[in-house]
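Heads up: the structure comes next, in structure tokens.
Position 1 is the first residue of the sequence; numbering continues from there.
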Amino acid sequence: MGEPGEVLAGLDDEQQVVATSVHGPVVVLAGAGTGKTRAITHRMAYAVATGAHEARRSLAVTFTTRAAGEMRVRLRELGVEGAQVRTFHGAALRQLRYFWPRLSGQTFPDVLPSKARLLAEAASKSGITTNAAVIRDLASDIEWSKVSELAARDLLIDPRAATRQWSMDLADVMKVYAEYDDLKSARGFLDFEDVLLVTVGALQTRPDLLDEVHSTYRWFTVDEFQDVNPLQHRLLTLWRGDRDEVCAVGDVSQTIYSFTGASADYLVNFRTEFPDATEVRLVNCYRCTPEIVGKANAVIVQAHSRAAVTLRSMREPGVEPTVQSYPDEVAEATAVAESISTHLRNGIAAREIAVLFRMNAQSADLEAALSARGIAVVMRGAERFFDRPEVREGVTRIRGAARAGGGAGLLGEEVRGILSAAGWAAERPQGSGAVRERWESLAALVTLADENPQWDLPEFVAELDHRAQAQHAPAADAVTLSSLHSAKGLEWQVVFIVGCSDGLLPLSNADSPGEVEEERRLLYVGMTRAKSHLHLSWARARQPGGRENREFSRFLVEARGPDGRLDDGFAGEDSRGSVHLGSRRARTERKKRGPAACRTCGKGLVTAPERTLGRCRTCPSTFDPDQFEQLKSWRLRQATERVVPAFVIFTDATLLAIVEQLPTSLEQLAAIPGIGPAKLELYGPTLLELLGDPTR
């Protein structure tokens with residue numbers, strides 16, 4: 001670990017504010033390519049270097065194993081050891097496994113790798129005919145329901161269910177959902193959403209477990225906060241308890257998972273939930289050229305989000321993005337392949353080129369056109385690299401050779417010799433399919449060895465083990481084909497976005513304004529993956545000779561300037577980074593207290609709701625129902641004004657505790673669980689006035 005000043009070296013002004021804001025709530029509104037991962041990892045390192053945080057009591061969560069792996073690598077390079085960096089599911093699963101012996105006398109359930117098989121069986125038992133597409137849609141419906149904390153029986157009565165476009169009749173979804181959960185439970189499985197649900201349930205009902213979590217983790221960092229769903233937000237709220245030591249980072253313009261239940265509202269309303277939060281906007285884009293930034297700004301500015309940032313490129317001027325139409329998708333794919341060949345001849349590595357599309361079905365023509373020219377391709381969104389059978393076999397062979405002593409040649413030559421027995425050859429196989437994919441996987445291991453000739457075999461094995469743990473796959477020397485969703489978080493020198501026509505971008509079934517705006521953000525995400533070259537294209541017909549009735553994407557039409565070209569959209573006065581400093585005060589650690597006692601019978605309180613109320617569930621409640629309704633009406637007004645769910649202001653249990661205990665001072669009010677320092681400062685005086693004057 002370096003000196004604090006060394007940790008800050010190389011950060012821009014706004015990134016330094018992020019890094020040095022180590023106390024209290026912090027929200028970072030970070031545009032694409034602005035160095036958000038750099039800023040938050042340096043924040044963690046600076047906090048540890050200055051003694052403000054303890055690494056072992058810090059938990060950082062993000063949404064992909066790849067992103068978690070990248071954060072681990074950066075923290076390791078900064079000398080931070082012991083901080084936990086995991087996905088939400090990974091962190092919850094680790095806690096649940098640890099607590100399981102105290103929760104159940106049975107063995108820990110297996111986690112389903114996929115819902116498909118059980119869903120198909122559940123649908124059959126429910127009398128519903130399915131295919132692969134129907135199963136995918138049903139899985140999406142059930143996942144949305146679970147992260148919204150809705151059981152099958154809730155779907156007909158909860159108003160949130162009425163806002164969703166279901167894949168089939170809601171009664172049929174409910175039948176399959178209930179049957180699926182019954183099958184899953186009977187066979188001893190949990191699915192990914194269950195991991196979060198069961199963890200939340202355990203922490204809500206077992207104060208001893210929750211206290212242990214609070215004593216283990218003190219500081220929280222949440223990446224991609226715009227992708228948080230209600231269930232994840234509830235889990236985060238339980239993790240932090242009455243502390244507000246949380247740093248949230250995200251970009252509302254990259255909200256592309258609303259269909260899964262994710263909501264950017266938690267990011268947009270962060271300073272409503274935490275009124276004394278520090279807010280920093282990162283706008284300096286170090287990834288994209290000014291020309292690419294200008295076009296991306298012109299597309300996203302139509303969204304008019306108050307929390308969006310307008311990017312400002314910090315790179316030298318480059319080449320203008322291109323926009324081209326073709327008579328059909330085959331012609332489009334052929335032209336893209338020819339252009340890629342030109343970029344390769346000009347010295348750009350294949351791994352620095354990507355072709356992005358809205359739907360996976362668009363990849364077939366592209367694969368054919370690239371294969372016909374002998375250009376290697378790799379598909380994003382397939383299974384994780386280190387889980388592939390050929391990779392596991394290859395790593396096992398390399399590990400065995402390292403134990404045997406290895407040879408004395410260059411690492412790359414040694415690895416080639418080892419992997420030749422696993423199917424690797426110097427010549428790339430022709431065509432596509434499983435043989436080609438196997439070769440590409442092994443070739444990625446060879447490329448990694450070639451790039452690090454200074455290592456010996458044991459060092460190479462150690463690097464592979466570290467990468468496997470972090471899910472940090474080596475880059476294959478191949479052009480990437482990827483859906484726009486799978487491209488999020490990645491970057492390439494050259495990006496082609498195909499299918500930029502209405503019906504594909506946005507999709508024809510994007511009916512509501514919210515769905516259309518999500519499609520706009522998806523295009524913006526794709527455009528901002530490009531560092532130096534951006535090519536946009538569309539086909540007027542699907543097949544050669546077909547009717548040419550497609551139109552240019554409305555998103556790009558709206559972004560055109562008066563001359564008909566894509567508007568430059570260059571940043572103006574609103575593109576400056578901004579900082580709003582909160583309290584940034586250090587919090588003192590609360591002393592451990594024993595279990596609270598019921599104010600009626602004196603027994604220890606077991607559940608979290610009982611501790612909030614200050615009495616056992618079975619002890620009588622004495623409160624004025626009219627006063628309780630008055631507080632609920634006041635809470636609703638506050639929630640409406642701040643555009644947040646009512647429970648963010650106060651839960652029902654906290655309101656009930658207030659009217660039962662009738663505090664007469666801020667000190668008494670602060671003693672009620674659920675009323676932290678920020679809420680006490682914001683709402684305390686008003687609550688006391690309401691309690692003292694029932695007519696208000």
Side-chain angles (χ1 to χ4, degrees), residues 1-2 10 37-38 41 45 64-81 85 287 344 347-354 375-378 380 382-428 436-480 489-494 531:
M1 172 64 67
T37 304
R38 177 180 176 83
T41 52
T64 66
T65 53
R66 185 199 61 80
E70 181 182 354
M71 288 185 69
R72 290 192 199 102
V73 169
R74 295 199 186 195
L75 288 171
R76 184 178 63 175
E77 291 171 348
L78 290 167
V80 177
E81 301 289 346
V85 184
R287 176 190 300 155
L344 292 172
I348 294 179
R351 71 181 68 180
E352 287 291 345
I353 303 174
I375 299 173
V377 298
V378 61
R380 284 288 305 177
E383 64 183 321
R384 297 192 300 188
F385 179 81
F386 286 100
D387 290 341
R388 298 173 188 171
E390 64 271 20
V391 173
R392 291 201 302 268
E393 179 187 350
V395 172
T396 299
R397 289 177 180 272
I398 294 169
R399 191 186 309 281
R403 288 173 179 165
L410 290 174
L411 178 63
E413 293 303 321
E414 286 191 81
V415 171
R416 282 180 172 82
I418 296 166
L419 295 183
S420 62
W424 184 86
E427 292 296 323
R428 179 182 288 112
R436 179 70 168 265
E437 291 174 0
R438 179 181 177 86
W439 187 93
E440 298 288 0
S441 296
L442 297 176
L445 297 176
V446 172
T447 300
L448 181 63
D450 283 339
E451 291 174 343
N452 297 278
Q454 74 279 10
W455 291 341
D456 59 19
L457 275 180
E459 289 173 324
F460 187 55
V461 169
E463 176 65 17
L464 291 174
D465 288 344
H466 174 74
R467 284 172 173 262
Q469 183 181 15
Q471 286 300 327
H472 181 200
D477 190 20
V479 172
T480 300
L490 302 175
E491 60 185 25
W492 297 270
Q493 288 291 342
V494 182
K531 296 180 181 179

Can you see which heavy atom on [X] is nearest to which on [Y], and at what distance?
X: L78; Y: T41; result: CD1-O, 3.7 Å
X: E70; Y: T37; result: OE2-CG2, 4.3 Å
X: G412; Y: A449; result: CA-CB, 4.0 Å
X: A68; Y: V85; result: O-CG1, 3.6 Å
X: R38; Y: R74; result: N-NH1, 3.3 Å
X: A402; Y: P458; result: CB-N, 4.1 Å

Inset, instruction - Kindly write out the residues that satisfy side-chain contact (heavy atoms from CB on, under 4.5 Å) with S420, not counting sequence neighbours, or none if the list is empty. - result: none

Legend entry - Verdict with reasoning, L419 to I398, per side-chain contact (heavy atoms from CB on, under 4.5 Å): CA-CA 8 Å; L419 295 183; I398 294 169; 4.2 Å; yes

Atom [atom1] of [X] and atom [atom2] of [Y]: how far apart are they, to the nearest 0.5 Å?
X: E463; Y: N452; atom1: CD; atom2: CG; answer: 7.0 Å
X: K531; Y: E352; atom1: NZ; atom2: CD; answer: 5.0 Å
X: I418; Y: L442; atom1: CD1; atom2: CG; answer: 12.0 Å
X: T65; Y: R72; atom1: OG1; atom2: CZ; answer: 8.5 Å
X: W492; Y: T480; atom1: CH2; atom2: OG1; answer: 5.5 Å
X: E390; Y: L445; atom1: CD; atom2: CG; answer: 9.0 Å

Legend entry - Non-hydrogen side-chain atoms of V391 and S441 separated by less than 4.5 Å: yes

Legend entry - Side chains of D456 and F460 in contact at under 4.5 Å (non-hydrogen atoms): no

Inset, instruction - Using a strict cut-off of less than 4.0 Å between a Lys/Arg side-chain nitrogen and an Asp/Glu carboxylate oxygen, indicate whether R351 and E451 qualify as a salt bridge. - result: yes

Legend entry - Which residues share a salt bridge (Lys or Arg N to Asp or Glu O under 4.0 Å) with D450, sequence neighbours left out: R416

Legend entry - Derivation and outcome, side-chain contact (heavy atoms from CB on, under 4.5 Å), residues L344 and I353: CA-CA 9 Å; L344 292 172; I353 303 174; 3.9 Å; yes

Inset, instruction - Using the side-chain contact (heavy atoms from CB on, under 4.5 Å) rule, take V479 and V378 through it: C-alpha gap first, then chi angles, then the decisive distance, then the call. - result: CA-CA 6 Å; V479 172; V378 61; over 6 Å; no

